Amino acid sequence: MSIATKYNPKETEEKWYSYWLEHKFFHSEPDEREPYTIVIPPPNVTGVLHMGHMLNNTIQDVLIRKARMQGKNACWVPGTDHASIATEAKVVTMLKEQGINKADLSREKFLEHAWEWKEKYGGIILEQLKKLGASCDWDRTRFTMEEDLSEAVIDCFIHLYKKGWIYRGYRMVNWDPLGKTSISDEEVIRKEVNQKLYYIKYFVTGSTDKYVTIATTRPETIMADAAVFVNPADERFKDLLGKKVSIPLIGREIEIMADEYVDMEFGTGCLKVTPAHDINDYELGIKYDLTPFLDILDDDGKLNEKAEILIGEDRFIARKKIAKMLEEAGNLEKVEDYKSQVGFSERTDAVIEPKVSLQWFVKMKELAQPALDSVVDGEVKLIPDKFINTYRHWMENVRDWNISRQLWWGQRIPAWYNPKDEWVVAKTREEAYEEFKKQANGTELSFSANDIRQDDDVMDTWFSSWLWPISVFDGFKNPDNPDINYYYPTNDLVTAPEILFFWVARMIMAGHEFRGEKPFSNVYLTGIVRDKIGRKMSKSLGNSPDPIGLIEQYGADGVRVGMLMSSPAGNDLMFDEAYCEQGRNFANKVWNAFRLVKGWEVDSNLENPNAQTIAWFESRFNEALTEIEHNFKQYRLSEALTASYKLVWDDFCSWYLEMVKPAYQQPVDAETKKATIQFFEQILRLLHPFMPFLTEELYHDELFGARTEKECCIVAQYPVIGSVNEELLKEAELIKTLVSEIRNVRNTRQISPKEALNLNINVQSGTDYSKWLNVISKLANISEVVFVTEKVAGAANFLVGKDEFFIPLAQNIDVDAEKERLTKELEYLEGFLKSVDAKLSNERFVQNAKADIVANERNKKAEAVSKIATIKESLAAL
RNA sequence: GGAAGCUUAGCUCAGCUGGUUCAGAGCACCUCGUUUACACCGAGGGGGUCGGGGGUUCGAAUCCCUCAGCUUCCA
């Protein structure tokens, strides 16, 4: 035979991927068919493929390929996200390496570099997806910062501003000193950190022995203190209220004030309030008007001149230094270890600095309501639905969304300022100038269009990606175009639970706000890919395998199967390369089954001896297909795959093929070969969504007849459920059990499979074994079958159901071993009978349980009684 | 501190509304097998008192309570 004994993925993958591309099988245009649409969660342009992408995109590809094969007009829109902080950081680093400082560049020049970088590296991740087999419509590839999509972002900003849902204001924001930008609440990751709690003495003005002690984790901010607060009910400090204390080291005086907010139990009961550097202090600062709020930190986290001391020091270095200075000055009472939650930037991992600044915000209340209802009412389904609670909680407590980012890479905020810093919101300079004119109410403006300047900040990347399902179909530029009308709302979204709020919730908001309709019907939330001992995969741990390396090692199909094998929706996946190995082995199994069938010579004179077997497999296929479809409907992909795997490996290869295959170098009858080829083709179609490359490769073999250029597995019809003969399935199960029992007899007695045996059957059940004789003979190597009505002496015997089987053995049977085996079985059956009897003699059971359950117990009893009798006879006969 | 979820074979997980086939699957493991598609294989096998305790019920892995452990989300 000319076909290799092992499937070689490398040879087929590239070939078929190009073929699919060439024939535009991934491309979709609106037509009369039902659409099935997925928009990809756009990966960052800075990203490279990691295991999370592999899982996520395998799932999307399985869904899209299946829909395509089921006759839907399948459209999977790919693209990337401009990731402003991450990309800007990358570009800044790259420039630094070239000796260029961002601060020396103009905005325009910097953006030139950034675009250059994007063109060069921004498409890597999409190329990697192709290796996985992703059948995206690449003609529709979009980028969140391309012109049309950017225009949509600007228009939405203006729209929401006019509606009063975007405002500008001084607020406490999360400042990322490394990215030098503010970020939204959702981008702050809280982690527990070991810290120190410093106890610092603040002396009462004019006194050298009277003082209060405050406990703080941030001694470097004392210079920004505005007051010391105690609880009004705290007796310890009653006499100090209204008195002044001086800040250590700098001597500035602040007042001791009272508010219920202060926890008397915590620390010393005295709280220093630093309104510019803590969100809670900020609230107190507002409440008691402790203005001006002293901000002693620069944008990069260094102390500024307002701090008076340690100017120019980084906040963490300053913390250590100031502790020492306090100690030397006699103000440090003690230091304790302390654990607390600290916020880190999602993008740069820098410790977040709370900072008061002027930013643009989106009001969330009105936007959130329809998005909340949408999920609660089931218009948008979350899979698994355990996420509904989390979603609801977030939506009900959502805070306004800070969308300003102090960066250049991104869509620039369309706000324009006149020389007096008054502002208008408009799309262009000209429109802004007109707007100023309008506001002036006919009065002559004192400045020209050239004197106004645009806001320096750009918008949060999520402010563009929340429009993704609409903007990829040009739904903003041209709201009534055929694409958006046809593809929107999309069907399924596959993403990680981590961005349920960042992205999913906001897309639902945008969908309702800008289209008056949900953006998708189902959200499939994948788990996190962890290593096999449960750790999150991360660069620093080095525990993440290289996805492309895996594909090279196990083949794309093998890796796809491996990823899905262990990933129920919403559960984390304990990834182990062994799963990929299993996937590869499965591909090889299919490959070799194919080699077998391909090798069969047909003798057209032969009768078909396999009618029974063929009928059985057809039923079994339909039974499995029913289960698989059911699993797909519930998005249980890993179970759908497992069911397919077992159907192919166990039922088709281990049973069906073994049943029908001709003896070595013997021909097969035409009908059997034809039926087997048909089954095989159905199997290829069934497996295609999971294993696109292998199935496409085999699909084109001449075994299946000539194919035209466009007849491909990728667009072949997915199997349709046919009829199931339950009786036949049951009977086949009996036969399989019988065969296993005979094999077991061989195994326990060390009889070679080559040695033919005789089989005597004492039929009690009415089963017609004669229809299966050829199968039994072939699979168990039985030379002669005799139907008997009495026990056969000197033979190994066993029961299948009610029927008793005997295998006369040439060698003497081991009486003791046989006795032991039968006694064990007898003991088990007697125990079983006892428990059934106990139920049946319980009046309350007989009265309360459903009739069919009681009847069934009676059946069990009858069967057990008859089996016990048979075994007792056998024992006596030994 | 608040909320949710999880705990079933060595590992990863199925077990829907309590009752035949309810204690299962895959991998791993053990024995045998170089038989003729495949050793990336075949045949057979061992292995769990369903986290602990209590309750409801004729009957609980499944429902309720409680304790313990783990995880996630929010403060």
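Owing to the predicted nature of the structure, the values given are computational and were not obtained by experimental measurement. Within every chain, numbering begins at 1; the chains are lettered A, B, ... in the order of the sequence lines, protein sequences first and strands thereafter.
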> When the distance from NZ of A:Lys191 to P of B:rU72 is rounded to whole Å, what number comes out?
Replying inline: 13 Å
>> Taking only the C1' atom of each, what is the distance from B:rC22 to B:rC50 in whole angstrom?
In response: 11 Å
>> From the set B:rG26, B:rC58, B:rC38, return the single nucleotide nearest to any side-chain atom of A:Arg844.
In response: B:rC58
> Should the pair A:Glu702-A:Lys598 be classified as a salt bridge under the 4.0 Å nitrogen-to-oxygen rule?
Replying inline: yes
>> If the threshold is 4.0 Å, N to carboxylate O, is there a salt bridge linking A:Glu733 and A:Lys730?
In response: no
> Of the candidate nucleotides B:rG26, B:rA37, B:rG44, which contains the atom at the shortest distance from the side chain of A:Ser740?
Replying inline: B:rG44
>> Does the structure show a Watson-Crick or G-U wobble partner for B:rG5, both distances under 3.5 Å? Name it, or say none.
In response: B:rC70
> Does the base of B:rC40 carry an N or O that pairs as donor and acceptor with the side chain of A:Arg584 under 3.5 Å?
Replying inline: yes
>> Closer than 4.0 angstrom, basic N to acidic O: yes or no for A:Glu857 and A:Lys860?
In response: yes
> With both distances kept under 3.5 Å, what pairs with B:rU62, Watson-Crick or G-U wobble?
Replying inline: none
> Is any NZ, NE, NH1 or NH2 atom of the basic residue among A:Lys10 and A:Glu13 found under 4.0 Å from an Asp or Glu carboxylate oxygen of the other?
Replying inline: no
>> So, under a plain 3.5 Å distance rule, would you say the side chain of A:Glu658 forms a donor-acceptor pair with the base of B:rA43?
In response: no
>> Regarding A:Tyr579, tell me which of base, sugar-phosphate or nothing describes its non-hydrogen contacts under 4.0 Å with the strands shown.
In response: sugar-phosphate
> Checking only heavy atoms, does the side chain of A:Lys589 share a donor-acceptor pair with the base of B:rC38 at less than 3.5 Å?
Replying inline: yes
